[in-house]
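Notes follow the structure.
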Amino acid sequence: MSQTCVEVRSEWSIVAARQAGRTIAKEVGFGSVDQARITTAISELARNIYLYAKVGEICIEKVVEANKVGVKVSASDNGPGIKDLRRVMEDGYTTSGGLGAGLPGVKRLMDEFLIDSKEGEGTKIHAVKWLR
Amino acid sequence: MEKTDVSLQEMYKSILEGYLHTGSEHALYEAQQFSRQLIKENMTPEEMVNLHVVVARELIPDLPSEVLEANDFLLEVMVGYGLAYREHQSLRDRQQQLESELAVAAQMQQELLPKRIPKSPVLDIGIKTVAADVVSGDYYHFIEDGNDHIGIAVADIIGKGVPAALSMSMIKYAIDSLPEQRLQPSALLENLNRVVEQNISSNMFITMIYGSYDLKEHKFQYSGAGHEPGFYYNHSSRQFVDLNTKGLVLGVMKKAVFKEYEQKLSPGDLIILLSDGVTECRAESGFIERSELTEIIRKYEHLSAQEIVENVYSELEQFQNFQLQDDFTLMILRREV
Ligand SMILES: Nc1ncnc2c1ncn2[C@@H]1O[C@H](COP(=O)(O)OP(=O)(O)OP(=O)(O)O)[C@@H](O)[C@H]1O
Ligand SMILES: [Mg+2]
């Protein structure tokens, strides 16, 4: 499986990550609503890297399992990490407060969501959206 | 999840088609009904926009490509609304859950209150307590020692809601676990003060009046801890006198000393104990005066103690337009013979 990776270090690279995500989502066969959802999720993850870790990487790939296909988004950085994951995943915690965006939003937009973050080491997030 | 809910799509198509043909208000009314159904089925805003785009494309075959692209643009914007919408739903669910937990807490709190009012041929007791919110910060308690004394406590936990409710159970068990000989009002308050001072955070306070009614000698010995003063009502002179309940609020100082007072009662005399929710009930015209309160009590003097407190409550409830500002507790004791 080929994957496309975008290095995130500027606002502009957020757009590049979105673009890469949209291209693959289209190829896999997602309709316009899910394309918009996947790119929104990528945006949120990339923006977090840009804001909190300064540098990192977003990779997007097509995934195939027994009888389903989907898109997998991976975000990784070696930034400061997230101290209180449980709080961060609570609705209404984000700095934008109550707008539904942020990491809980990413979790909602996608079907699978995995986050691994260590203080001082960095953050890794995997999210998958399946085509139905 | 492109909802290919065929039935919804067909419904929307026929409503929109009707509107395109007739432009009628009736079709718009159908649209309104339809949106209610969408919300009931948890359709998100971006799904709805997509549904509209798909149906519009079917109904209007030769839409300019700019319009189609503009629709995709709108879809992108609506994803954010969809997130806010879904967060709202989950917060609403959580609120419902919290509310039902609170209802259980309120139920448990009810069970902290005495199951029954002590009955005596010489003393008639009436009590009315109403929480302004789900849980209450007011508390009352009776102790029957089987020795011709009835102990009576009315307490007000400063601060509302759950913290107040939690400290109420502490008060109850602290009183219950006091040894017999400690039931002198001043000693009881000194004991409780120690418990409260040690166990409650420094920003929470409890005011209280505790009294012991001697069923043989007909005297009421009491001590107060910063509590709203009650009244003694002299039946023959028809005069009210304030009870001395000033004292120091519970939980402020480690070692507090409480003065004890005594009030003798003749047949027909009343002791009135209350929480500040009774006197601090306010309407647009301002707080009720203590003199207005005593006026109302005097008006119902001929009724039983329970009937008096019920009537006072319903008058004050009307006075403040059925919007209780604070927890309300009113207790009346009357020497019968
Ligand atoms: N990659 C990351 N590295 C370090 N900290 C992060 C990272 N991503 C998120 N965080 C921390 O987690 C918090 C929550 O992130 P989240 O994206 O949910 O909300 P937000 O960025 O504060 O607000 P918004 O709703 O605008 O995205 C952030 O405030 C930040 O402290
Ligand atoms: Mg963010």
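Owing to the predicted nature of the structure, the values given are computational and were not obtained by experimental measurement.
- Atom NZ of K118(A) is surrounded by 12 or fewer heavy atoms from other residues, nucleotides or ligands within 6.0 Å.
- Other residues, nucleotides and ligands contribute only 12 or fewer heavy atoms inside 6.0 Å of the CD atom of E11(A).
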Self-check item: D34(A) and E46(B): CA distance, side-chain angles, deciding distance, side-chain contact (heavy atoms from CB on, under 4.5 Å) verdict
Solution: CA-CA 10 Å; D34(A) 278 340; E46(B) 72 269 27; over 6 Å; no
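- Atom CZ of F34(B) sits in a crowded spot, with more than 12 heavy atoms from other residues, nucleotides or ligands closer than 6.0 Å.
- Y85(B) OH: more than 12 foreign heavy atoms inside a 6.0 Å radius.
- Looking only at atom types and distance, the side chain of S32(A) has no donor-acceptor partner in the side chain of E76(B) under 3.5 Å away.
- Here the straight-line distance linking atom CZ of R37(A) with atom CG of L75(B) works out to 8.5 Å at 0.5 Å rounding.
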Self-check item: From CA spacing to verdict: side-chain contact (heavy atoms from CB on, under 4.5 Å), L109(A), V79(B)
Solution: CA-CA 9 Å; L109(A) 290 166; V79(B) 169; 3.8 Å; yes
